[in-house]
Amino acid sequence: MAGSLTTSVVFHIPALGYSEYYHSPLRISRFSEIFSSDILSNSWRAKPKVPPSSANSRGKRLGKSVPNVSIAYGSIIKDHPMWDDGEEAVVDDTSEPSIVSENRLQFLEERDEKNLSWRLLKLSRADKVRSALELYASMDFMGLRPESHAFNALLSCLLRKEEVDDALQVFESMKSSGRTSGHSYNLILQGVAKARGFEAAFEMFEELVADDEHKKKVDQVLFNMMLTLCRDEKDWLKSERIWWKMNENGIVGNSVTYRLLVTTFLAFCQYGLAIEAYLEMVRNGVRPDARTMEAAIMAFVKDGRWDFALDAFRGMMKRKENPNITTFNALIHSLGNNGQVNLAFKVYDCMKSLGHVPTSYTWNALLVALCRAKQYGDALRLFDRVQQETPSALGLHLYNSALTACKRLGSWKRALQILWEMEDLGLSVPVTSYCRVIGACEVGNEPKVALQVYQHMVHRKLTPDTLTLLSLIRSCVWGSLWDEMREILKSVPPNAHLYNAAVQGLCLREKTESAKKLYQEMRELELSADHKTRAMMLQFLPRS
């Protein structure tokens with residue numbers, strides 16, 4: 001080849017002839033020793049390549065003025081007169097071809113590794129794969145090693161061209177010569193993951209971090225890359241294993257590391273691990289970004305630790321960060337469920353001041369907070385306000401929360417209005433909604449209205465649950481609707497809870513004979529009486 005670095009002319013070797021010089025054991029490349037072992041023991045290692053037979057293959061595109069050399073074989077394939085010294089070379093056909101066996105060697109007048117590395121870097125960046133591999137093979141044959149940045153450029157070039165087997169061979173050579181870096185591991189692992197799957201890349205990663213020599217070069221960036229692959233593969237177990245490896249190697253993660261850990265664990269409902277990762281980040285003095293803080297708040301909320309969630313929220317406010325609407329809603333809901341109504345409304349005011357528009361979930365969280373604090377009147381007033389200002393936010397959960405407040409207050413008229421409105425809007429009204437309306441009629445002492453709601457529900461082909469029937473039985477007892485109560489008991493499958501409620505109600509209303517008959521019927525149906533029912537009946541039934 002032309003140029004100051006390479007030429008194909010015959011050169012003079014003072015002490016040895018051509019064959020003696022190149023067949024001398026002192027000239028066998030270290031590259032041969034590396035690839036003489038079995039490279040198929042793991043899925044990520046280079047696979048045996050079939051020498052190209054097409055007209056466009058590397059070997060056939062090259063001229064015949066330069067010999068083909070197989071460093072993997074540890075000998076020279078003498079298929080050119082230039083190498084013929086009268087003896088026949090022995091080639092081990094059982095060995096596996098390497099990248100050098102497909103490329104010609106160049107005579108290198110230049111011996112400076114720095115200059116050769118610069119040329120290899122330039123060829124690799126220009127994606128001249130054939131020329132870069134020829135130069136690399138020639139350097140390797142002469143016992144010259146490229147610098148780390150040139151090695152990395154060659155790796156990147158091979159991976160861009162999807163030459164994974166060649167890239168793995170180059171990487172093994174880098175490892176043997178101690179020229180690897182964190183960037184080298186990053187490149188090869190990404191290439192293996194793309195070409196052979198995540199499992200192969202993870203297996204290779206575990207071998208690297210298990211080796212005492214190479215794990216020293218595994219840096220924070222590589223761990224972050226592997227955590228990203230785990231997140232994309234939706235494998236939180238391997239994310240946890242990588243996290244353990246980081247701690248074993250004494251590597252402290254950065255904000256990217258902990259964001260990947262917290263968000264991945266949160267996505268798979270591993271709230272304890274997400275919290276542990278966040279607390280470790282705080283201990284290590286790493287400043288979390290807004291996304292990590294939001295994920296940590298969600299993890300605290302899901303784990304029932306509203307006080308820690310509130311502290312994290314206050315930290316975001318001090319840093320003048322604006323959490324998303326989902327974080328606000330989750331925090332309001334958590335505070336409301338734990339009876340912190342005032343704090344829930346303060347967070348709501350903060351949300352509005354930051355420009356967020358309340359959603360149906362926001363209003364429902366506030367209604368639930370008021371109901372948990374037994375402020376049912378305030379809950380209904382808030383519901384009326386939502387109806388007037390943002391009717392589009394009304395949903396099934398919001399209506400049910402309002403019906404819960406009506407049930408507690410005994411506001412059966414308001415409960416009926418809400419129920420008819422739900423049906424007029426075409427909502428799929430569940431049994432629980434009818435149960436709350438019937439409960440409001442029970443508290444409001446309107447048993448006949450409760451029966452009408454029950455009949456309407458049955459007419460809509462909805463099957464009442466036990467809670468609904470219990471509320472209806474109690475309404476009939478206190479409304480002295482004995483026949484209606486008997487009809488309800490006959491119309492549904494035998495249920496011990498319903499019979500217990502009916503017997504206890506009759507005893508409390510001093511309907512002794514009716515209570516005895518119903519209790520006997522209950523025993524005939526082999527339904528078990530609870531402690532309260534048995535205690536009441538002992539007062540009326542003979543000891544026998």
Please report the interatomic distance CG(L227) to CD(E240), rounded to the nearest 0.5 Å.
11.5 Å
Taking the side chain as every heavy atom from C-beta outward, state whether L506 and W482 have any pair of such atoms under 4.5 Å apart.
yes
The reported gap from CE in M226 to CG in N186 (rounded to nearest 0.5 angstrom) is 10.0 Å
Step by step, work out the side-chain contact (heavy atoms from CB on, under 4.5 Å) result for N500 and K532.
CA-CA 8 Å; N500 281 321; K532 188 175 180 180; over 6 Å; no
Can you find a heavy atom in the side chain of M298 that is under 4.5 Å from one in the side chain of Y271?
no
May I ask you to decide if the ring planes of Y348 and W363 are parallel, tilted or perpendicular, using 30° and 60° as cut-offs?
tilted
Evaluate salt bridge (charged side-chain N to carboxylate O under 4.0 Å, His left out) for D378 paired with R381, printing each intermediate quantity in order.
CA-CA 5 Å; D378 293 334; R381 282 188 287 272; 2.4 Å; yes
Do the side chain of T362 and the main chain of T359 share a donor and acceptor less than 3.5 angstrom apart?
yes
Can you check whether A529's main-chain N or O pairs, donor with acceptor, with R534's side chain at less than 3.5 Å?
yes
Can you list the steps and then say if T257 with N254 is a side-chain hydrogen bond (donor to acceptor under 3.5 Å, both in side chains)?
CA-CA 5 Å; T257 310; N254 56 14; 2.8 Å; yes
Distance-only polar pair, side chains of D289 and S255, donor-acceptor under 3.5 Å
no
Gap separating the OH atom of Y399 from the CG atom of L394, nearest 0.5 angstrom:
4.5 Å
Okay, side chain of R259, backbone of R291: is any donor-acceptor separation there less than 3.5 Å?
no
Applying side-chain contact (heavy atoms from CB on, under 4.5 Å), run through V429 and E423 and close with a yes or a no.
CA-CA 7 Å; V429 184; E423 292 182 352; 4.0 Å; yes
Short side-chain to backbone donor-acceptor contact, E442 and L472, under 3.5 Å
no
Could you go step by step and tell me if T327 and H356 meet the side-chain contact (heavy atoms from CB on, under 4.5 Å) rule?
CA-CA 11 Å; T327 305; H356 292 291; over 6 Å; no
Shortest non-hydrogen contact between M485 and C476, atoms and distance:
CB-CB, 4.0 Å
To check you understand the geometry: which heavy-atom pair defines the closest contact between W236 and F265, and what is its length?
O-CE2, 3.7 Å
Minimal heavy-atom distance between P464 and L469, with the atoms involved, is CG-CD2, 4.0 Å
NE2 of H456: more than 12 outside heavy atoms within 6.0 angstrom?
yes
So E199 and K238, side-chain contact (heavy atoms from CB on, under 4.5 Å) or not? Walk me through it.
CA-CA 10 Å; E199 293 295 336; K238 287 189 173 60; 3.3 Å; yes
Is any side-chain heavy atom of R372 closer than 4.5 Å to a side-chain heavy atom of N338?
no
May I ask you to check whether F223 and F205 place their ring centers less than 6.0 Å from one another?
yes
Distance in Å, L403 CG paired with L380 CG, rounded so as to fall on 0.5 Å steps:
9.0 Å
Just checking, is any N or O donor in the side chain of S334 or N337 under 3.5 Å from an acceptor N or O on the other one?
no
Looking at CD of E276 and CE of M281, how far apart are the two atoms once the value is rounded to the nearest 0.5 Å?
13.0 Å
Less than 4.5 Å apart, any side-chain heavy atom of P323 and any of M351?
no
Using ring centroids (six-membered ring only for Trp), state whether Y454 and Y434 fall under 6.0 Å.
no
State, yes or no, whether a side-chain contact exists between R196 and L168 at a heavy-atom distance under 4.5 Å.
yes
Side-chain donor or acceptor of H333 paired with backbone N/O of V368 under 3.5 Å
no
For L222, does its backbone N or O pair with a side-chain atom of D219 as donor and acceptor, under 3.5 Å?
yes
Can you measure from CG (L416) to SG (C441) and round to the nearest 0.5 angstrom?
5.5 Å
Minimum heavy-atom distance L335-V347, with the two atoms named
CD1-CG2, 3.8 Å
Would you please test R241 and D235 for salt bridge (charged side-chain N to carboxylate O under 4.0 Å, His left out) and show each step?
CA-CA 10 Å; R241 288 169 64 181; D235 194 336; over 6 Å; no
With respect to I275, which candidate in D303, L266, V262 satisfies the side-chain contact (heavy atoms from CB on, under 4.5 Å) definition?
D303
Whether Q270 side chain and F268 backbone form a donor-acceptor pair below 3.5 Å
yes
Strictly distance-based, threshold 3.5 Å: is any side-chain N or O of S353 a donor or acceptor partner for the main-chain N or O of C350?
yes
Using a cut-off of 6.0 Å, state whether more than 12 heavy atoms not belonging to H397 lie near its atom NE2.
no
Would one find more than 12 heavy atoms of other residues, nucleotides or ligands at under 6.0 Å from atom CZ of F308?
no
Can you tell me if CZ on R408 sees more than 12 non-hydrogen neighbours from other groups inside 6.0 Å?
no
Verdict with reasoning, R486 to E521, per salt bridge (charged side-chain N to carboxylate O under 4.0 Å, His left out)
CA-CA 12 Å; R486 295 289 300 179; E521 181 181 336; 3.0 Å; yes
So R160 and S156, side-chain hydrogen bond (donor to acceptor under 3.5 Å, both in side chains) or not? Walk me through it.
CA-CA 6 Å; R160 283 196 299 271; S156 183; 2.8 Å; yes
Should we count CD of E162 as having more than 12 external heavy atoms under 6.0 Å?
no
Would you indicate whether D530, at its atom CG, is surrounded by more than 12 heavy atoms from other residues, nucleotides or ligands within a distance under 6.0 Å?
yes
Quick check: W306 with F313 (ring centres under 6.0 Å apart)?
no
Polar side-chain atom of N364 near backbone of S360 as donor-acceptor pair, under 3.5 Å
no
On a heavy-atom basis, the closest approach of L470 and A501 is CD2-CB, 3.7 Å
When you compare the side chain of T228 with that of R231, does any pair of heavy atoms fall below 4.5 Å?
yes
Do you know which two heavy atoms are closest between C507 and M537, and how far apart they sit?
SG-SD, 3.9 Å
Is there a side-chain contact between C269 and K302 in this structure, where contact means two heavy atoms from C-beta onward sitting under 4.5 Å apart?
no
If only side-chain N and O atoms count, and only distance matters, is there a donor-acceptor pair under 3.5 Å linking N329 with T326?
no
Side-chain contact test, heavy atoms from C-beta onward, threshold under 4.5 Å: evaluate it for F328 versus P358 and give yes or no.
no
Side-chain donor or acceptor of E484 paired with backbone N/O of L451 under 3.5 Å
no
